[in-house]
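Nothing here was measured: the structure is a model prediction, and the numbers come from that model.
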Amino acid sequence: MAKERLDKLLSHEGFGSRKDIKKMLRSKTVLVNGKQIFDSSIQIDADNDVISVDGTEIDFHRNIYLMMNKPQHVVSSSKDGEHQTVFDLLDESLRTPYLVEKLHLVGRLDMDTEGLLLFTTDGELTHRLISPKSHISKTYFCGLEHVETKEKQAEISALFAEGIFVGPDDNEPGFKCQSAFIDWKDEKTALLTIYEGKYHQVKRMFAAVGNKIVYLKRISMGKLQLDENLSLGEYKFLDDTDLQKLYE
């Protein structure tokens, strides 16, 4: 990777402006590969050089991958004038100038939908996961308003497998869904797996068969499952094993 100026890298990590970095080099001990640095303009290889500030090593993230268990009543957006956003739930260390610019959501969840939400700085992975050509599955736990008999469940399963047509919603036109798979748990709950992510799609699919979603939670994307140890609003960094599941 190409080298970058030390002050630029430290500024991205939240240490202030380049002018602030110059002052910091006089007041704090900044080491590069064990050698104290006073020149903020030196070129740094962020992938190989070891940089520390007052004994704390700085991790220059090249790419970040986060899984959140999104709660209801929180907006899947970086900014919202009225409601709390999922980015408001992140630690201050994830709100540096660099990350504010680069960290983004991989798809979204409606305000009243819970569950698996991914954040990353990796644009290539995002494209892979949201591109219709990738055919990445998304599974939702669905709580329904009305009881469905065994006969009606079989009818709904067949309609979803064939590809049901859903009507318009807000300014979005109606469309025919791709084939989807439903696993009924009881008369009012089911797991629904879809391979696209149109506006309010799951809600519109059940509306098309005369029912209504009253609880919705995304539990997986591809082979990556929501970590059951994450409470609502909590998040974790994905490890290599987690990431591999997004490429399988």
Side-chain angles (χ1 to χ4, degrees), residues 67-86 89 104-119 126 129-226 228 230 232-233:
M67 170 196 295
M68 177 182 283
N69 186 2
K70 177 193 171 295
Q72 294 183 10
H73 313 304
V74 178
V75 179
S76 293
S77 174
S78 59
K79 295 180 181 179
D80 186 272
E82 300 181 16
H83 305 97
Q84 186 180 38
T85 77
V86 292
L89 301 177
H104 59 270
L105 297 173
V106 183
R108 298 172 183 269
L109 290 175
D110 293 341
M111 186 172 178
D112 58 354
T113 301
E114 297 179 1
L116 175 59
L117 187 63
L118 296 180
F119 301 70
T126 299
L129 293 177
I130 67 176
S131 172
K133 296 180 180 179
S134 299
H135 211 59
I136 301 295
S137 65
K138 305 170 190 69
T139 299
Y140 296 81
F141 178 87
C142 307
L144 304 177
E145 183 175 60
H146 306 300
V147 168
E148 298 290 9
T149 65
K150 291 292 185 181
E151 293 75 17
K152 184 65 180 295
Q153 288 180 12
E155 179 184 334
I156 293 172
S157 297
L159 288 170
F160 284 4
E162 180 181 346
I164 192 169
F165 183 86
V166 303
D169 188 356
D170 292 337
N171 294 323
E172 297 293 323
F175 68 98
K176 183 177 181 180
C177 300
Q178 295 180 14
S179 177
F181 173 76
I182 188 166
D183 177 15
W184 293 96
K185 296 303 179 183
D186 58 35
E187 295 174 323
K188 295 179 71 174
T189 62
L191 296 179
L192 176 65
T193 299
I194 62 176
Y195 295 88
E196 54 196 332
K198 300 290 183 66
Y199 181 72
H200 289 172
Q201 180 171 341
V202 175
K203 296 174 183 177
R204 293 162 76 182
M205 290 174 70
F206 279 100
V209 294
N211 213 321
K212 181 179 180 181
I213 291 284
V214 295
Y215 176 77
L216 190 60
K217 180 175 184 175
R218 184 158 65 196
I219 61 174
S220 70
M221 291 181 67
K223 292 188 177 181
L224 180 66
Q225 300 280 330
L226 176 65
E228 295 179 353
L230 290 176
L232 288 171

Can we say Lys188 and Asp186 salt-bridge, meaning some charged N sits less than 4.0 Å from an Asp/Glu carboxylate O? no

Can you list, pair by pair, the side-chain donor-acceptor contacts under 3.5 Å of residues 129-136, counting residues two or more places apart and other chains?
{"unit_1": "Ser131", "atom_1": "OG", "unit_2": "Lys133", "atom_2": "N", "d": "3.3"}
{"unit_1": "Ser134", "atom_1": "OG", "unit_2": "Arg128", "atom_2": "O", "d": "2.6"}

Start with the C-alpha distance between Thr193 and Thr139, add both sets of side-chain angles, then the distance that settles side chain to side chain donor-acceptor pair (under 3.5 Å), and finish with yes or no. CA-CA 4 Å; Thr193 299; Thr139 299; 2.8 Å; yes

From Leu109 atom CG to Met68 atom CE, the distance as rounded to the nearest 0.5 Å: 11.0 Å

Under the salt bridge (Lys or Arg N to Asp or Glu O under 4.0 Å) definition, can you give me all pairs with a residue in residues 207-223, not counting sequence neighbours? Lys223-Glu248

When you compare the side chains of Glu145 and Asn211, does any donor N or O come within less than 3.5 Å of an acceptor on the partner? no

Lys70 side chain reached by Leu89 side chain, heavy atoms, under 4.5 Å: no

For residues 166-181, please give each side-chain donor-acceptor pair under 3.5 Å, one per line with the distance, not counting sequence neighbours.
{"unit_1": "Asp169", "atom_1": "OD2", "unit_2": "His200", "atom_2": "ND1", "d": "2.8"}
{"unit_1": "Asp170", "atom_1": "OD2", "unit_2": "Tyr199", "atom_2": "OH", "d": "2.4"}
{"unit_1": "Ser179", "atom_1": "OG", "unit_2": "Ala161", "atom_2": "O", "d": "2.6"}

Output for pair (Ile219 CD1, Lys138 NZ), nearest 0.5 Å, gives 14.0 Å

Side chains of Trp184 and Ser157 only: does a donor on one sit below 3.5 Å from an acceptor on the other? yes

Quick one: does Glu228's side chain get under 4.5 Å of Asn69's, heavy atoms only? no

Contacts of Tyr140 that satisfy ring-ring contact (aromatic ring centres under 6.0 Å, His included) - sequence neighbours left out: none

Under the salt bridge (Lys or Arg N to Asp or Glu O under 4.0 Å) definition, can you give me all pairs with a residue in residues 199-208, not counting sequence neighbours? Asp110-Lys203, Asp112-Lys203

Run the side chain to side chain contact (heavy atoms under 4.5 Å, CB included) test against Leu105 and tell me which residues pass, sequence neighbours left out. Ser76, Val86, Phe87, Arg108, Leu117, Phe119

Rounding to 0.5 Å, atoms CD1 (Ile182) and CD1 (Ile156) come to a distance of 6.5 Å

Reported CD-to-CE distance for the pair Gln225 and Met67, which is rounded to 0.5 angstrom: 8.5 Å

On a heavy-atom basis, the closest approach of Ser78 and Thr85 is O-OG1, 3.8 Å

One should read off an interatomic distance between Lys150 NZ and Glu155 CD, to the nearest 0.5 angstrom, of 15.5 Å

